[in-house]
Amino acid sequence: MISEHPRVRFAPSPTGYLHVGGLRTALYNYLFAKNQNGKFILRIEDTDRNRFVEGAVENLINVLKWIGLDYDEGPAKGGNYGPYMQSERLDIYKKYAEELIEKKHAYYCFCSPERLSEVKEEQKQKGLQPKYDKHCLSLSREEIENNIKSGMPYVVRLNVPPDLKVAFDDIVRGHVEFDSNGIDDQVLIKSDGYPTYHMANVVDDHFMKITHVVRGEEWLSSTPKHVLLYDAFGWEKPQFAHLPLLLNPDRSKLSKRQGDVAVEDYRAKGYLKEALLNFVALLGWNAGDDVEFYYLDEMIKKFSLERVNKSGAVFDLAKLHWLNAEHLRKLPDRDLLRLLREELAASKFKNNDYSDEYLLKVITAMKERVSFVREYIEKSPYFFERPETYEENAVKKSWKENTPELLKKLIEAFSKLDSPNKEDYENVLHKTAEELQVGNAKLIHPVRLATSGLSAGPGLFDILVILGKEETIFRLQDALERVKI
RNA sequence: GGCGCGUUCGUCUAGUGGCUUAGGACGCCGCCCUCUCAAGGCGGAGACCACCGGUUCGAAUCCGGUACGCGCUACCA
């Protein structure tokens with residue numbers, strides 16, 4: 001059954017956004033496909049008309065594109081096994097539902113929602129498991145034809161045989177077994193003519209030649225129904241791999257209420273796609289070594305479904321944050337430059353002109369100090385504007401009675417420099433401190449405060465070089481007037 | 001309730017019967033570096049491997065039970 005070129009699919013329903021759990025499922029499918037030299041297919045499971053969301057499919061495709069999980073076949077791209085939107089495959093489901101009815105593996109059901117809930121209620125009171133009572137299974141051919149002719153709404157149900165062990169071997173969970181008596185006669189075709197997930201899923205996976213079904217654990221309990229369907233059709237079953245769930249910090253299933261769940265939310269917050277992918281990959285998988293920092297191509301090389309964990313994983317923002325900083329630091333400068341420019345364009349500095357050379361200097365100075373691109377601006381606004389205020393605590397700490405006097409001497413010394421570099425500033429400052437018989441710190445801290453308005457940042461002399469002599473002197477003089485003890 | 005799945009530091013995890021006084025990472029704390037903040041280096045606290053029983057010379061690792069958590073139990077996926 002292990003095909004040489006596996007075909008896997010990511011099959012989300014278009015509910016409006018891509019959930020990070022969905023991203024992880026998509027990623028594992030993608031990694032597995034690429035690792036095995038197989039195909040990664042995108043299929044849209046839009047069989048619930050009540051949950052249809054305008055633009056959701058486009059959005060999904062855009063997010064996948066942004067994050068770099070390129071699919072081989074799917075909507076807007078095509079392929080030999082389309083269409084890849086289930087709403088465009090209704091005829092296929094209908095045809096195969098009829099085949100199942102022919103074979104007595106499925107049957108028409110005309111029961112009203114009212115009768116269904118009555119039956120269920122009765123069973124509950126008797127302490128039985130609520131299950132459809134196969135009432136319509138015994139309808140005669142004439143009754144069925146008359147009902148249909150008279151326009152009575154109906155569904156098609158799977159005829160689950162009693163007393164059957166339904167078993168399968170899951171790649172991550174091993175041997176799993178269910179008793180068919182515990183499986184309801186699942187609706188296959190709804191009264192609106194649309195298939196349910198189970199029907200559409202099995203039919204599509206078969207005709208799209210899917211070899212491995214890699215999906216969330218919430219589907220594990222439904223898998224026996226799918227197994228029954230494959231058997232009823234006489235089709236070869238794919239391999240199953242059920243992934244552990246992503247959890248909230250309180251270990252409940254990851255939900256909107258307790259934080260962001262949409263990939264776009266994280267994107268909007270400034271997380272890099274590299275970090276998101278890296279983070280989510282490690283939630284339930286590791287290569288068995290100590291590597292935690294990954295690029296997509298390395299993950300592809302090392303990924304295997306056999307090394308996927310069984311237990312749910314808490315989505316830990318602190319680690320995502322660290323990975324983001326880590327990826328950001330390792331990003332090539334030209335990428336950082338592009339990202340910084342995007343960030344600037346969306347900031348209050350959008351009308352200012354900065355040369356690549358200037359921004360690259362800022363990047364070099366701040367690289368080790370930021371976790372998000374926006375922090376290049378937030379943590380060092382002084383590279384983009386003169387300080388408006390001076391950090392209060394820092395003033396208290398380093399701006400002394402004699403500071404103005406010392407700074408005046410330093411300004412004088414700086415003025416004499418001719419296009420100074422880092423060492424020139426440093427030497428002059430040291431020399432001035434010596435002449436004034438004070439420690440370097442007595443000058444360094446006030447200068448930092450005067451030029452940046454802050455007490456923390458890159459090395460002072462790096463800042464001065466970036467600002468340039470003229471601006472440095474201006475800011476020093478400006479501070480002389482504006483800093484109040 | 002029924003069925004299924006799961007349970008190793010706060011979190012992500014390594015571990016597939018002896019190499020384990022249970023390893024790594026994030027976070028936290030301390031030290032070093034140092035003009036500050038980071039980054040980096042070094043170190044520390046943190047897990048009676050859910051619990052009980054069994055198998056074995058030996059168990060986090062195998063078996064059974066219990067507890068707890070989660071999932072499913074829809075004409076939602």
Side-chain angles (χ1 to χ4, degrees), chain A residues 11-15 45-48 50-51 109 111 113 116-117 120 124 127-131 153-157 170 172-174 176-179 181-184 186-198 200-201 215-225 242 244-245 247 249-253 279 282-293 309-323 325-326 329 366-371 379-380 394 397-398 426 429 439-449 452 454-461 463:
Chain A
S13 57
T15 53
E45 311 232 330
D46 56 343
T47 57
D48 185 357
N50 299 322
R51 292 216 293 181
C109 170
C111 289
L116 255 27
S117 57
K120 221 162 251 185
K124 256 187 199 165
L128 294 167
Q129 184 206 348
K131 228 172 93 176
Y154 64 87
V155 301
V156 176
R157 285 182 185 275
D170 190 279
V172 345
R173 271 145 229 286
V176 185
E177 217 171 77
F178 292 81
D179 184 335
N181 292 324
I183 303 170
D184 203 354
Q186 186 63 49
V187 169
L188 264 20
I189 303 287
K190 300 181 255 186
S191 57
D192 64 4
Y194 276 66
T196 57
Y197 172 88
H198 307 94
N201 203 258
R215 76 225 306 187
E217 194 195 345
E218 67 267 29
W219 294 109
L220 190 63
S221 304
S222 303
T223 305
K225 293 170 192 169
H242 287 93
L245 259 18
L247 273 24
D250 69 358
R251 306 206 74 85
S252 56
K253 190 174 159 185
F279 174 61
L282 259 19
L283 254 27
W285 169 83
N286 75 84
D289 52 28
D290 286 340
V291 179
E292 304 231 44
F293 183 87
N309 290 143
K310 294 173 174 60
S311 53
V314 172
F315 196 84
D316 177 25
L317 262 357
K319 193 145 187 175
L320 207 209
H321 190 279
W322 169 73
L323 271 173
E326 205 70 359
R329 279 193 285 273
M366 290 303 292
K367 210 170 183 174
E368 306 283 278
R369 279 160 257 264
V370 296
S371 299
K379 287 195 168 176
S380 55
K397 209 169 162 189
S398 59
E426 193 162 4
L429 185 138
N440 294 330
K442 286 272 185 280
L443 288 174
I444 285 174
H445 294 299
V447 171
R448 172 183 294 283
L449 189 62
S452 75
L454 302 174
S455 61
L460 176 66
F461 305 109
I463 295 178

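Below, read A as the first sequence line, B as the second, and so on, with proteins coming before strands; counting in each chain starts at 1.
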Contact class for [X] (heavy atom, under 4.0 Å): base, sugar-phosphate, or nothing?
| X | result |
| --- | --- |
| A:Asn309 | sugar-phosphate |
| A:Ser455 | base |
| A:Ser398 | nothing |
| A:Leu460 | base |
| A:Glu177 | sugar-phosphate |
| A:Lys397 | nothing |
| A:Gly457 | base |
| A:Ser191 | base |
| A:Val447 | nothing |
| A:Pro458 | base |
| A:Arg251 | sugar-phosphate |
| A:Gly216 | nothing |
| A:Arg173 | sugar-phosphate |
| A:Glu45 | sugar-phosphate |

Using Watson-Crick or G-U wobble geometry with both distances below 3.5 Å, tell me the partner of [N], or none.
| N | value |
| --- | --- |
| B:rC51 | B:rG65 |
| B:rC3 | B:rG71 |
| B:rG58 | none |
| B:rU16 | none |
| B:rC26 | B:rG10 |
| B:rC35 | none |

Sticking with atom [atom1], work out how far [N] lies from [M], rounded to a whole angstrom.
| N | M | atom1 | answer |
| --- | --- | --- | --- |
| B:rA47 | B:rC5 | P | 31 Å |
| B:rA38 | B:rC32 | C1' | 15 Å |
| B:rC62 | B:rC42 | P | 35 Å |
| B:rU61 | B:rU34 | P | 50 Å |
| B:rA25 | B:rG64 | C1' | 35 Å |
| B:rU73 | B:rG30 | P | 50 Å |
| B:rC12 | B:rG17 | C1' | 26 Å |
| B:rG2 | B:rC48 | P | 31 Å |

For a 4.5 angstrom cut-off between non-hydrogen side-chain atoms, does [X] reach [Y]?
| X | Y | answer |
| --- | --- | --- |
| A:Asp170 | A:Leu220 | yes |
| A:Asn201 | A:Glu45 | yes |
| A:Leu128 | A:Lys120 | no |

- Message: Restricting to side chain to side chain donor-acceptor pair (under 3.5 Å), what partner residues turn up for A:Asn181, sequence neighbours left out?
- Response: A:Asp163, A:Asp179
- Item | Partners passing side chain to side chain donor-acceptor pair (under 3.5 Å) against A:Glu326 (at least two apart in sequence or in another chain) | A:Arg329
- A:Asn286 or A:Asp184: which one's nearest nucleotide on RNA chain B is closer to the 5' end? A:Asn286
- Item | 5' precedence on RNA chain B between A:Trp285 and A:Thr15 (nearest-nucleotide basis) | A:Trp285
- Any residue meeting side chain to side chain contact (heavy atoms under 4.5 Å, CB included) with A:Asp184, in chain and number order, not counting sequence neighbours: A:Lys131, A:Tyr132
- What pairs with A:Glu426 under salt bridge (Lys or Arg N to Asp or Glu O under 4.0 Å), at least two apart in sequence or on another chain? none
- Task: Go through the structure and list residues passing salt bridge (Lys or Arg N to Asp or Glu O under 4.0 Å) with A:Lys190, not counting sequence neighbours.
- Result: none
- For RNA chain B, which nucleotides open and close the run of contacts to chain A, 5' to 3', at under 4.0 angstrom from a non-hydrogen atom? B:rC3 to B:rA77
- Query: So, A:Arg173 and A:Glu217, do they make that salt bridge, N to O below 4.0 Å?
  - Reply: yes
